[in-house]
Amino acid sequence: MTTHPATPDSQDAHADDPHANDAAPYPGGDPYGDYRTHGVDFSATDLVDLADRRLGAGVIAANDEFFAQRENLLVRERAVFDPEHFGHKGKVMDGWETRRRRGAGPETPFPAPEEHDWALIRLGAPGVVKGVVVDTAHFRGNYPQRVSLQATAVEGNPGPEELLADDVKWEELLPPTPVLGHAANGFAFDVERRFTHLRLCQHPDGGIARLRVYGEVVPDPEWLGLLGTVDLASVLNGGVYEDASDRFYSSPTQIILPGTSRKMDDGWENRRRRVRDTNDWVRFRLAAQGVIRAVEIDTAYLKGNSAGWVALSARDGEDGEWYEILPRTRLQPDTPHRFRLATPATATHVRLDAFPDGGVARMRLHGELTEAGTAALADRFRRLAG
């Protein structure tokens, strides 16, 4: 395993000055004016957030959430700070914040070195964790001194008691490591294992605003086989956005998220194209080789900026030739569209072309896996199951 730390300070150096990573007290004005990014920057990544609530992720338990609720960790929007907002328990923070730990008595007022707080996170889509961002936005002097992260794979719908049982094996992704206050602390990993749950720990206590878990989805091929007809492009089933002509306003990955979009930026929207005889496009890799029989394209909330026309092309294999499966077709704004393909298409990749530009909220490619696709998924699943 390789871990890229969020701060170059060694733990020994950090111990010499436990306040070295503090942020300055709130200076007034823009709360993000002095916000920091440290370690690995995932802001431009095309990896999926495996802990996205839209995929079904959740924070299922925490040992303490006295000041601020654990569920805030997975809120999609960035943390909000109101300097005047206080409640009966103290300052109201947009994150997960625990009470201050105390020692055993007046002679030992500090907690023991091994004491810490924890939260259990269910990944919305099990998969390989490539990195995380531990965001301590607005936690300037009350962030954890260190954080650690463990991962496990437990199938089904385990509760906290089952996950914390003695027979559950947790693999350490990140040992206790210093983080910066009021910062996006990024860590990258190279553990080729499929995980379903994470345990985020604060040492010894403190507050974390958000957690983002970047990785690759690894679906269960047995489940897809039971379903029969599936969305071959869906993130939940292992579909991946590979490339696009433009991602100015939002990531094309959102086109293949489950559910319907909630607002205009919950889809793919490009800038206005000014070069004639050109168009925007986005390319996806399907969960595995499959046969596409029907297509849904939704322009929800895109009213004056939806794509005017779209076309779909497919190819079978990395070196396959592109061929048209849906000819150039007019779209209506803020509307779900359904198309039955004239001829079912066997493919591993699909390209969506928008003419001349404009947004698409969601795309569904309904079909079933081929024998070769099922075998490839099963082989990957076995290899990453550990």
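This structure is a prediction, so every number in the text was calculated from the model and none was measured.
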Any donor-acceptor N/O pair, Q145 side chain to T177 backbone, under 3.5 Å: no
Under 3.5 Å: donor-acceptor pair, side chain of R285, backbone of E242: no
SB check R53 E71 (cutoff 4.0 Å): no
Pair R380 + E216: basic N to acidic O under 4.0 Å: yes
Where I60 and P158 come nearest, the two heavy atoms and their spacing: CD1-O, 4.1 Å
pair E269-M264: side-chain heavy atoms closer than 4.5 Å: yes
CA sep, side-chain torsions, deciding dist, call: L73, L200, side-chain contact (heavy atoms from CB on, under 4.5 Å): CA-CA 10 Å; L73 283 171; L200 175 65; 4.3 Å; yes
Point-to-point distance, once rounded to the nearest 0.5 Å, from CZ of R351 to CH2 of W322: 5.5 Å
Main-chain N/O of G267 paired to Q254 side chain as donor or acceptor, under 3.5 Å: yes
Sidechain-backbone polar pair: N270 side chain, R247 backbone, donor-acceptor under 3.5 Å: no
From OG (S313) to CG (L352), nearest 0.5 Å: 9.5 Å
Under the salt bridge (Lys or Arg N to Asp or Glu O under 4.0 Å) test, residues paired with E296 that sit two or more places apart: R338
Single-linkage hydrophobic cluster V291~L286, side-chain heavy atoms < 4.5 angstrom: no
Within 6.0 Å of CG in D30, more than 12 heavy atoms from elsewhere: yes
Donor-acceptor contact below 3.5 Å, side chain W96 vs main chain D64: yes
Ignoring hydrogens and angles, write down the donor-acceptor pairs under 3.5 Å from the side chains of residues 111-124, residues two or more places apart or on other chains.
residue: E115; atom: OE1; partner: R101; partner atom: NH1; Å: 3.0
residue: E115; atom: OE2; partner: A112; partner atom: N; Å: 3.2
residue: H116; atom: ND1; partner: E114; partner atom: O; Å: 3.1
residue: D117; atom: OD1; partner: N63; partner atom: ND2; Å: 2.8
residue: D117; atom: OD1; partner: R101; partner atom: NE; Å: 3.2
residue: D117; atom: OD1; partner: R101; partner atom: NH2; Å: 2.9
residue: D117; atom: OD2; partner: T98; partner atom: OG1; Å: 2.7
residue: R122; atom: NE; partner: G56; partner atom: O; Å: 3.2
residue: R122; atom: NH2; partner: G56; partner atom: O; Å: 2.9

Interatomic spacing from CG in D379 to CG in L384 - rounded to 0.5 Å: 9.0 Å
Salt bridge (Lys or Arg N to Asp or Glu O under 4.0 Å) assessment of R212 paired with D52: CA-CA 8 Å; R212 303 290 183 241; D52 192 327; over 6 Å; no
Other residues, nucleotides, ligands: >12 heavy atoms within 6.0 Å of Y323 OH: yes
Neighbour count above 12 (heavy atom, 6.0 Å) for R76 CZ: yes
Any side-chain donor near an acceptor of the partner, Q150 and S148, under 3.5 Å: yes
Residue pair H182 / H138, side-chain heavy-atom distance below 4.5 Å: yes
Main-chain N/O of H85 paired with K91 side-chain donor or acceptor, under 3.5 Å: yes
Over all atoms of both residues, closest heavy-atom pair of D334 and A300: OD1-CA, 3.4 Å
Within-4.5 Å side-chain heavy-atom neighbours: R293 and L341: no
Flag side-chain contact, heavy atom, 4.5 Å: L232 against N237: no
Spacing of CG belonging to N185 relative to OG1 belonging to T37, to within rounding of 0.5 Å: 9.0 Å
Closest non-hydrogen atom pair between A307 and V310, with its separation: CB-CG1, 4.0 Å
Closest approach of A209 to A137 (non-hydrogen atoms, all atoms of both residues): CB-O, 3.7 Å
Nearest heavy-atom neighbours spanning L55 and A125: CD1-CB, 4.1 Å
Shortest non-hydrogen separation from P27 to D34 and the atoms involved: CD-OD2, 4.2 Å
Derivation of the side-chain contact (heavy atoms from CB on, under 4.5 Å) call for F189 and L174: CA-CA 8 Å; F189 315 119; L174 180 70; 4.1 Å; yes
R340 atom CZ: more than 12 heavy-atom contacts under 6.0 Å: no
Working for side-chain contact (heavy atoms from CB on, under 4.5 Å), residues F195 and L173: CA-CA 11 Å; F195 296 115; L173 297 182; 4.1 Å; yes
Polar side chain donor-acceptor pair, D265 to Y301, under 3.5 angstrom: no
Enclosure of E222 CD (heavy-atom neighbours >12, cutoff 6.0 Å): no
Nearest-0.5 Å distance that lies between atom OG1 in T335 and atom NZ in K303: 10.0 Å
Euclidean distance, H203 NE2 relative to D205 CG, rounded to 0.5 Å: 11.0 Å
Heavy-atom side-chain proximity of I255 to F284 below 4.5 angstrom: yes
Test item: side-chain donor near acceptor, R273 and T278, under 3.5 Å: yes
Centroid-centroid under 6.0 Å between F81 and Y32 rings: no
Sidechain N-carboxylate O distance under 4.0 Å for R272, D357: no
Backbone of H197 reached by a side-chain donor or acceptor of T152 within 3.5 Å: no
Note: K89-E97 ion pair, threshold 4.0 Å (strictly below): no
Side-chain (T253) to main-chain (S251) donor-acceptor, under 3.5 angstrom: no
Note, R102 side chain near R100 side chain (heavy atom, < 4.5 Å): yes
Trace of the side-chain contact (heavy atoms from CB on, under 4.5 Å) decision for W268 with D280: CA-CA 11 Å; W268 173 52; D280 284 308; 4.1 Å; yes
Within 6.0 Å of CD in E77, more than 12 heavy atoms from elsewhere: yes
Lys/Arg-Asp/Glu bridge criterion (N-O < 4.0 Å) met for R140, D22: no
Check: V230 and H366 side chains under 4.5 Å, non-hydrogen atoms: no
Exam field: side chain Q202 to backbone G207, donor-acceptor pair closer than 3.5 Å: yes
Salt bridge flag under 4.0 Å for residues R54 and D266: yes
Heavy-atom side-chain proximity of V128 to V217 below 4.5 angstrom: no
Any side-chain donor near an acceptor of the partner, H337 and D298, under 3.5 Å: no
Polar side-chain atom of Y143 near backbone of R146 as donor-acceptor pair, under 3.5 Å: no
Test item: side-chain donor near acceptor, Y35 and D135, under 3.5 Å: yes
Donor + acceptor pair across side chains of T370, Q289 (<3.5 Å): yes
